[in-house]
Amino acid sequence: MGMEIFKKSLLLLLTGVAAGTLLLTLAYILPVNSENRRASLETIESEGWYPRASVTSASYEENFHLYLPDVLDGASDRIMLYMATDTTEGNPFVRAMNSYNEYSGAYSYYWHGYVSILRPLLLLFNYSELRIFNGICQFLLVLFLAFIIGKEKGIRYMLMLATSYLLLSPGALSMSLQFSWVFYIAYTGTIVLLLKRDYFSTRFRYLYLFMTLGLLTSYCDLLTYPLFTWGMPLVWWLIMAKAPESAVTRETAGKSVRAEALFYVKQVVFSGFSWIAGYAGMWIMKWVIATPALGENIFKTAVDEVFKLSGTLETETLHLSDRLKAAHTNWLHYEYKIYALLLLCWLVWWFCSSLKNGGYRTRKRYAFFLTGISSIVWYFTLATHTQTHHFFTYRILGVCILAFLAVALDGTQAVADNRKSGLPKDPGARSFRKKTCCIWAAAVLLSVPLMLLERDDTFVFNGYVEFKTLHVPDNTIVETEFTPAYNSIKRLDLGLECAGTQGEYEIILWDGNSQKYRQTVPIGDNANIQYGHYYNIAVKWNLNAQKTYRLTIEAKDNNAPVYLWVTEDRQGPLAEYHNLSIDGKTVEGQLLSGISYHYLPTSKRTLLFFTLTWTGILMAALYTFAPEPFRHAKS
């Protein structure tokens with residue numbers, strides 16, 4: 001059976017590669033509607049790189065760094081439009097492999113399969129019209145899936161679907177090409193899986209569907225929230241699934257429970273491997289085809305990009321704390337008031353339901369929990385990418401939220417099923433309710449110290465203003481008064497310039513006349529320089545916020561002149577910096593620099609949000625793994 005699955009999977013991959021290559025090639029044969037191209041590019045250019053779905057009249061570049069739910073990726077949509085309306089001439093197959101556009105140049109290590117859909121559509125619609133069409137199609141798809149789910153599982157599960165959809169930010173989905181491809185693949189895949197679940201549940205056919213979803217995701221998506229095309233169909237598949245008699249051991253009740261639970265866990269693992277095989281296999285095959293077609297090593301470019309996205313480059317290796325921070329950064333998007341209120345309603349409902357009925361749980365809970373933590377694994381693995389692009393990768397947590405909602409709903413559905421079947425009231429329900437109440441209390445109490453471990457990062461910077469370059473003579477000390485806004489600093493960016501190849505900068509933070517911290521930064525090839533001559537210095541400074549210190553900088557053993565970057569007077573001032581002097585002489589302006597703080601959130605709303613978050617996580621874990629006080633219900 002295993003060899004048969006392997007052969008069919010390999011055939012499916014090769015068929016997908018052939019079909020994808022053919023469709024892209026045919027797309028580049030099509031002409032371009034010049035009027036739609038002009039209107040589309042005018043629209044996307046007028047909005048800027050990262051506008052919001054609710055405010056698109058002007059460009060909001062700073063939205064890239066904010067935790068808003070409706071930020072559009074105008075930069076990627078711009079690439080897609082330029083690529084789909086490319087008018088260069090040449091062999092259509094080579095053009096399909098090169099993926100060139102006049103905005104960003106060649107982009108050959110992705111498939112850009114969306115061109116095979118977008119290029120024909122742009123013959124009929126411009127970008128603005130496409131957004132309307134996109135919104136209608138998405139809404140109808142959600143309604144159809146809601147009908148399928150409601151017909152079999154009822155209103156609670158329809159609300160679960162609605163929650164999942166709302167947390168994706170429907171307004172942004174409909175207005176963004178970049179976010180739409182994953183949506184269509186996930187929702188269409190779920191519909192197909194549920195409509196034909198009897199077919200897919202036999203002979204491991206569901207594996208081929210998940211592999212197909214991985215293929216399509218790799219073909220169309222530019223690494224937005226790809227895991228959603230696996231996680232969403234899987235959760236609904238598990239909710240509807242029933243273990244066959246052949247998968248359940250009948251010797252004893254205990255063994256029967258374990259065998260059924262293992263059956264669902266295996267479906268999570270096997271479907272995950274199938275999806276990864278489709279996703280990675282399809283991506284690698286693009287490199288295989290494009291390398292000889294273009295006469296250049298696409299493998300090297302692609303592999304370098306993979307190492308960069310995962311934070312495993314020698315120059316940018318991430319630590320454990322950095323990888324965990326990726327999940328934290330993405331979760332901050334759900335602190336948005338509407339989202340937080342929606343999640344709070346579910347948490348309150350679960351709490352009230354638990355107290356009313358006690359703790360029921362089913363044999364699918366391990367599978368749901370395993371599916372849920374896959375989001376964290378993704379953030380951990382691709383930490384660099386998901387921290388940088390959190391404004392769209394936060395949707396990967398949709399898998400986690402959907403799975404944890406399934407954990408809660410599956411148990412309450414067992415209670416409803418018992419009532420419908422006319423079973424007598426459980427005589428031990430009162431005892432179970434008391435124990436469940438204690439578990440909830442424990443989850444709340446444990447969430448408080450975990451909440452206190454949360455830290456936010458803030459980066460302040462004055463380098464966006466006009467500045468001047470001042471020569472710093474040899475054996476001269478630059479000094480400035482420094483008052484930190486928060487207690488912990490983890491990085492400094494300093495504007496220092498030297499064409500030399502040897503020597504070092506000595507940076508000292510003084511508390512009165514006492515040296516508190518000392519850092520040395522090499523000059524030349526070994527220096528960690530970013531953005532021109534900004535010296536990126538990793539520090540671990542624990543200070544007293546609002547206390548004034550002295551910061552001194554001195555170049556030693558340098559073999560070329562040193563220059564200091566200083567802001568023009570009264571331009572973009574940072575509250576942290578005060579008087580600046582070079583060799584005791586006062587200088588107008590401030591030291592050009594950036595400061596990265598690491599601190600306990602000061603907002604009470606944020607602290608409450610994280611307390612409730614940890615309460616939900618701990619309760620889901622206790623529900624899944626604690627031997628008591630929960631009762632078991634049949635799946």
Side-chain angles (χ1 to χ4, degrees), residues 1-17 19-20 109-111 113 181-186 188-190 192-193 200 204-238 264-289 299 302-303 305-312 323 326-327 366-386 393 395-400 402-403:
M1 189 66 182
M3 184 55 67
E4 180 186 351
I5 292 174
F6 174 77
K7 289 180 179 178
K8 288 184 177 180
S9 297
L10 182 59
L11 179 61
L12 178 60
L13 173 62
L14 295 177
T15 302
V17 171
Y109 54 86
Y110 280 111
W111 272 99
W181 312 118
V182 165
F183 172 87
Y184 284 118
I185 295 168
T188 304
T190 303
V192 172
L193 197 59
F200 287 114
F204 295 96
R205 291 192 182 105
Y206 70 94
L207 298 179
Y208 307 125
L209 179 63
F210 279 103
M211 187 174 189
T212 301
L213 295 178
L215 288 169
L216 291 172
T217 306
S218 181
Y219 186 64
C220 293
D221 182 49
L222 296 180
L223 211 58
T224 53
Y225 53 112
L227 191 71
F228 197 76
T229 66
W230 167 74
M232 181 193 172
L234 177 63
V235 169
W236 289 110
W237 167 257
L238 290 170
Y264 294 120
V265 169
K266 285 181 178 179
Q267 290 198 323
V268 175
V269 175
F270 293 162
S271 67
F273 277 119
S274 295
W275 186 88
I276 291 171
Y279 186 82
M282 188 71 174
W283 202 5
I284 292 171
M285 288 304 294
K286 172 63 189 295
W287 315 339
V288 172
I289 298 172
F299 266 93
V303 170
E305 185 69 13
V306 170
F307 280 125
K308 179 181 177 181
L309 296 175
S310 60
T312 52
R323 296 185 180 279
Y366 299 108
F368 287 135
F369 194 85
L370 183 60
T371 304
I373 63 174
S374 66
S375 298
I376 310 303
V377 174
W378 186 279
Y379 289 128
F380 189 88
T381 305
L382 297 178
T384 298
H385 176 261
T386 53
T393 62
R395 292 178 174 86
I396 294 170
L397 280 167
V399 176
C400 181
L402 197 61

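One is the number of the first residue; the rest follow in order along the sequence.
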Is any side-chain heavy atom of [Y] closer than 4.5 Å to one of [X]?
X	Y	value
Gln267	Trp237	yes
Phe200	Tyr208	no
Thr393	Tyr225	no
Met282	Val17	yes
Val235	Thr190	no
Tyr264	Leu238	yes
Thr371	Trp230	yes
Thr224	Arg395	no

Distance, nearest 0.5 Å, that separates [atom1] of [X] from [atom2] of [Y]:
X	Y	atom1	atom2	answer
Ile284	Leu13	CD1	CG	9.5 Å
Trp283	Thr217	CH2	OG1	12.5 Å
Phe368	Leu402	CZ	CG	9.0 Å
Leu216	Thr229	CG	OG1	8.5 Å
Leu213	Phe228	CG	CZ	12.0 Å
Met211	Ile276	CE	CD1	11.5 Å

Hey, is the main chain of [Y] close enough, under 3.5 Å, to the side chain of [X] for a donor-acceptor pair?
X	Y	value
Ser375	Cys400	yes
Ser218	Gly214	no
Thr188	Ile185	no

Parallel, tilted or perpendicular, as decided by the 30° and 60° cut-offs, for the rings of Tyr219 and Trp111: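 Rings of Trp111 and Tyr219: tilted, 30 to 60°.
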I need the minimum non-hydrogen distance between [X] and [Y], along with the two atoms involved.
X	Y	answer
Ala186	Pro233	O-CG, 3.7 Å
Gly189	Leu209	O-CD2, 4.1 Å
Ile376	Ala327	CD1-CB, 4.2 Å
Gly231	Val399	CA-CG1, 3.8 Å
Gly278	Leu215	O-CD2, 3.5 Å
Tyr110	Asp221	CD2-O, 4.2 Å

Aromatic contact, Phe210 with Trp275 (centres under 6.0 Å):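 Ring centres of Trp275 and Phe210 not closer than 6.0 Å.
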is_close_aromatic(Tyr109, Trp287), centroid dist under 6.0 Å: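 Ring centroids of Tyr109 and Trp287 are no less than 6.0 Å from each other.
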Residues, nucleotides or ligands: over 12 heavy atoms within 6.0 Å of Tyr184 OH: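 Yes.
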Residues Ser9, Leu207; criterion side chain to side chain contact (heavy atoms under 4.5 Å, CB included); working and verdict: CA-CA 9 Å; Ser9 297; Leu207 298 179; over 6 Å; no
Derivation and outcome, side chain to side chain contact (heavy atoms under 4.5 Å, CB included), residues Leu234 and Val268: CA-CA 7 Å; Leu234 177 63; Val268 175; 4.0 Å; yes
